[in-house]
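Report on the following structure.
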Amino acid sequence: MLTSTTTHHLLCRVLHPLQSLSSPMARAMTRAIPFSLKPTFSKPRFLTFTPPHFRANPSLKSSPISGLLWVGNEFSNGGGWRALRRPGMSVYCGGIGGSGVGFGGGERGYRKVRRKVVKNKKKAKELELSVKILIEEGLPNDPEILSISEMLRLNAPMAMKLALDGLNSSDYKTRDTTIDDVAGYETIELSLLLCNDEFIRQLNKDWRDEDHATDVLSMSQHIPELKLPILMLGDIVISVETAARQAEERGHTLLDEIRVLLVHGLLHLLGFDHELSEEAEAEMEKEEELLLKNLGWEGKGLIKSACDAENNGSLQVKDSDDRKKEGSLRFYRPKFKYIFCDMDGTLLNSKSQISSANANAVREALSRGVQVVIATGKARPGAIDTLKTVDLVGRDGIVSESSPGVFLQGLLVYGIQGREILRRNLDPDFCREAFSYSWEHQIPLVAFCGDRCLTLFDHPLVDSLHSVYREPKAETMASVDQLLAAAEVQKLVFLDTAERVETAIRPYWSEAAGNHASVVQAIPDMLELVPHGTSKGNGVKWLLQHLGVSADEIMAIGDGENDIEMLKLAKLGIALSNGAEKTKAVADVIGLSNDEHGVADAIYRYAF
């Protein structure tokens with residue numbers, strides 16, 4: 001018997017009337033695309049139902065779908081809405097001109113859908129199919145998903161009618177025949193919810209104790225003991241995120257895959273269950289293939305596809321990791337407007353290169369409307385030169401001469417259109433003292449002056465700033481006076497071994513800097529001197545004020561001590577595991593290292 005197919009079926013039973021239930025599923029159903037449009041029912045009555053039991057394991061939790069139902073005397077084309085809600089939630093029952101439609105729309109920001117009124121004269125005793133297509137509120141307004149939801153308004157009733165017509169002539173031995181003759185009903189209702197992996201995973205965990213995403217869940221609301229003119233067939237929940245991956249693997253469109261999942265879920269609601277036995281699996285597979293063929297839809301049935309994948313060894317392993325997958329951000333809404341990201345030791349790996357994984361994650365975040373802003377100790381030309389290698393420079397990138405950014409540890413900040421909004425300089429007398437120390441001890445020292453780097457003597461470590469870190473090539477000046485006359489100095493960087501920086505240079509300048517400068521260290525073999533009272537975090541504050549953005553709207557990623565204030569400022573501060581201990585101590589989250597694509601992991605795990 002096949003056990004890899006991920007669809008599951010839940011059943012309902014009746015409870016004392018007027019008892020309300022908490023329904024987490026109901027919280028999601030705020031955007032509905034109705035198949036029926038015009039309501040013709042009297043003042044609604046209320047019926048409530050208990051959570052359903054599970055066919056396979058009665059000890060598991062109940063269905064989240066059960067809740068308060070609107071039940072009128074009659075549901076015609078146009079509008080019988082079954083509104084699921086938690087106690088206290090506003091429920092709207094709307095038709096043309098209504099202020100909201102079902103599923104907590106009055107409380108959750110319902111988005112109206114343009115719809116046409118279909119005027120058909122009702123035939124006597126004609127069986128009506130009422131289908132609601134819903135989009136979980138966590139899904140963004142993706143054009144393809146909206147188009148598919150409109151197609152499903154037509155496809156779902158077609159599949160329902162064909163499946164129901166086949167019940168009378170079927171001779172399956174394993175199907176539950178609770179739903180058999182539908183001639184006694186006036187209306188048959190079905191709702192179909194499209195969601196992402198995060199939502200269906202939580203649903204799967206809460207109600208089936210299985211902590212992984214799945215492709216489709218079906219939940220029956222049929223209550224045979226209750227004699228109503230309405231057959232409440234139930235609810236089908238489909239993850240379009242999983243469906244998109246399966247569609248790519250199986251070589252057909254997303255719509256094709258969702259149709260396959262619709263058929264599978266619908267057959268569950270009609271009493272088929274492939275998990276009962278091998279015979280039950282074979283019967284459900286046969287009916288899936290027959291239904292898809294008669295509908296003229298592309299793709300194999302879900303059971304057959306899973307069998308083929310199992311046979312050729314390509315069956316997907318259930319993934320309980322909550323990290324979103326590359327290419328899946330289209331199915332999620334951003335949690336932040338901006339991501340501020342350090343470069344050395346963060347976006348760049350230990351070889352001072354940006355990995356393709358990090359570059360792709362940044363591009364995907366940009367495509368979903370999240371702005372990624374560089375906040376670095378580098379000069380702007382160095383950042384541009386580094387990111388040019390992965391095509392993240394320019395109008396569609398994250399750095400350019402006309403884009404916002406925080407550079408030189410927050411000493412140079414550029415705002416809208418790349419306009420300079422902040423510049424802080426070191427005192428010239430302090431710079432003279434530092435260069436005298438450099439010359440006396442023959443320790444390389446580089447002055448960062450806007451887009452230029454200046455030094456007093458050549459040295460391999462000075463050359464490495466350009467060859468490894470892609471900073472502007474240092475210009476050798478004849479004297480300190482000539483250097484200080486050439487440009488204003490924003491920061492000074494000593495270069496030596498990590499050991500000498502730690503044991504000699506840092507202790508000396510931590511004391512000698514006094515009130516003139518602050519000591520900053522982002523890389524073990526470099527020590528930076530910046531104007532006192534300045535920091536990268538302060539530069540980010542300036543830029544946020546300029547952009548009119550709140551700190552609650554940003555996520556920040558860094559690794560060095562120079563990133564501490566920035567991480568503390570952000571709503572979510574992430575320190576990579578390769579970072580300084582002081583930095584990790586203040587972070588909200590410790591991520592993967594810069595050699596493990598830590599920025600990509602942070603974006604896929606926390607930004608959406």
Side-chain angles (χ1 to χ4, degrees), residues 24 27-28 30-31 108-109 111 135-146 148 193-205 211-215 237-245 248 254 319-342 346-347 354-375 392 396-398 547 549-558 567 570-576 587-592 596-608:
R27 298 198 302 268
T30 62
R31 296 185 284 164
R108 305 279 310 190
R111 179 173 55 77
I135 300 174
E136 192 266 322
E137 63 181 3
L139 281 176
N141 294 330
D142 184 85
E144 184 180 12
I145 295 173
L146 295 176
I148 287 173
L193 173 69
L194 303 180
C195 66
N196 56 32
D197 277 3
E198 185 174 73
F199 180 85
I200 207 168
R201 176 188 175 184
Q202 190 62 47
L203 201 63
N204 211 16
K205 180 179 179 181
D211 190 12
H212 60 83
T214 185
D215 46 11
V237 183
I238 294 176
S239 169
V240 291
E241 184 178 350
T242 294
R245 290 195 299 272
E248 185 175 357
L254 178 56
D319 186 5
S320 60
D321 189 1
D322 59 1
R323 180 186 188 272
K324 296 163 189 66
K325 295 175 176 58
E326 184 174 338
S328 68
L329 297 186
R330 60 179 286 210
F331 303 114
Y332 294 88
R333 293 182 183 272
K335 295 178 182 177
F336 306 96
K337 287 186 177 180
Y338 284 82
I339 297 173
F340 282 79
C341 188
D342 173 49
T346 302
L347 185 60
I354 179 170
S355 68
S356 59
N358 279 352
N360 290 338
V362 167
R363 270 191 287 269
E364 193 170 353
L366 291 172
S367 73
R368 302 311 305 163
V370 177
Q371 300 300 309
V372 181
V373 178
I374 290 300
L392 282 176
D396 298 324
I398 59 176
L547 296 173
V549 175
S550 145
D552 286 338
E553 298 174 287
I554 73 168
M555 180 175 99
I557 313 172
L567 299 190
K571 177 71 172 179
L572 182 67
I574 301 172
L576 300 194
D588 299 304
V589 173
I590 298 176
L592 299 180
E596 298 172 300
H597 322 296
V599 168
D601 185 75
I603 289 174
Y604 288 124
R605 197 177 295 277
Y606 303 112
F608 289 79

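Given the structure is predicted, the values throughout are model-derived calculations rather than measurements.
For the residue pair A556 and L567, the shortest heavy atom distance occurs at O-CD2, 3.5 Å. Nearest heavy atoms, L254 versus V240: CD1-O, 3.8 Å. When all heavy atoms of V237 and I200 are compared, the pair lying nearest together is O-CD1, 3.8 Å. Of all the heavy atoms in G591 and I574, the pair that sits closest is N-CG2, 4.1 Å. Of all the heavy atoms in V599 and C341, the pair that sits closest is CG2-SG, 3.8 Å. Closest approach of L329 to A365, counting heavy atoms only: CD1-N, 4.2 Å.
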Task: E364 vs E326, side chain to side chain contact (heavy atoms under 4.5 Å, CB included): CA-CA, chis, key distance, verdict - done: CA-CA 8 Å; E364 193 170 353; E326 184 174 338; 4.1 Å; yes
Item to check | Residues I135, L146; criterion side chain to side chain contact (heavy atoms under 4.5 Å, CB included); working and verdict | outcome: CA-CA 9 Å; I135 300 174; L146 295 176; 3.6 Å; yes
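For the atom pair I145 CD1 and L194 CG, the distance stands at 7.5 Å (nearest 0.5 Å). Considering CG of L392 and CG of L366, their distance stands at 7.5 Å, rounded to 0.5 Å. To the nearest 0.5 angstrom, N358 atom CG is 7.0 Å from H597 atom NE2. The distance from atom OG of S355 to atom CD of E596, rounded to the nearest 0.5 Å, is 11.0 Å. If you take OG1 on T346 and CD1 on I354, they are separated by 11.0 Å, rounding to the nearest 0.5 Å. For the atom pair L193 CG and E136 CD, the distance stands at 6.5 Å (nearest 0.5 Å).
A salt bridge is defined here as a Lys NZ or Arg NE, NH1 or NH2 lying under 4.0 Å from an Asp or Glu carboxylate O, and R245 with E241 meets this definition. Using a 4.0 Å cut-off between charged side-chain N and carboxylate O, D197 and R201 make no salt bridge.
Remark: the backbone N or O of H212 is paired with a side-chain donor or acceptor of N204 at under 3.5 angstrom. With hydrogens and angles ignored, the 3.5 Å screen pairs no side-chain donor or acceptor of R333 with any backbone N or O of F608. For the pair N196 (side chain) and Y332 (backbone), a donor-acceptor distance under 3.5 Å is absent. Under a 3.5 Å cut-off, the side chain of D215 and the backbone N or O of A243 do not form any donor-acceptor pair.
At least one test fails for K571 against the ring of F336: distance under 6.0 Å to the centre or angle within 45° of the axis.
Two residues are said to be in side-chain contact when any heavy atoms from C-beta on lie closer than 4.5 Å; K324 and I603 fail this criterion.
Every residue two or more places apart in sequence or in another chain that forms a side-chain hydrogen bond (donor to acceptor under 3.5 Å, both in side chains) with K337 is listed here: E553. Shown here are the side-chain hydrogen bond (donor to acceptor under 3.5 Å, both in side chains) partners of D142, two or more places apart in sequence or in another chain: R330.
When only modelled atom types and interatomic distance are considered, N360 and R363 share a side-chain donor-acceptor pair under 3.5 Å.
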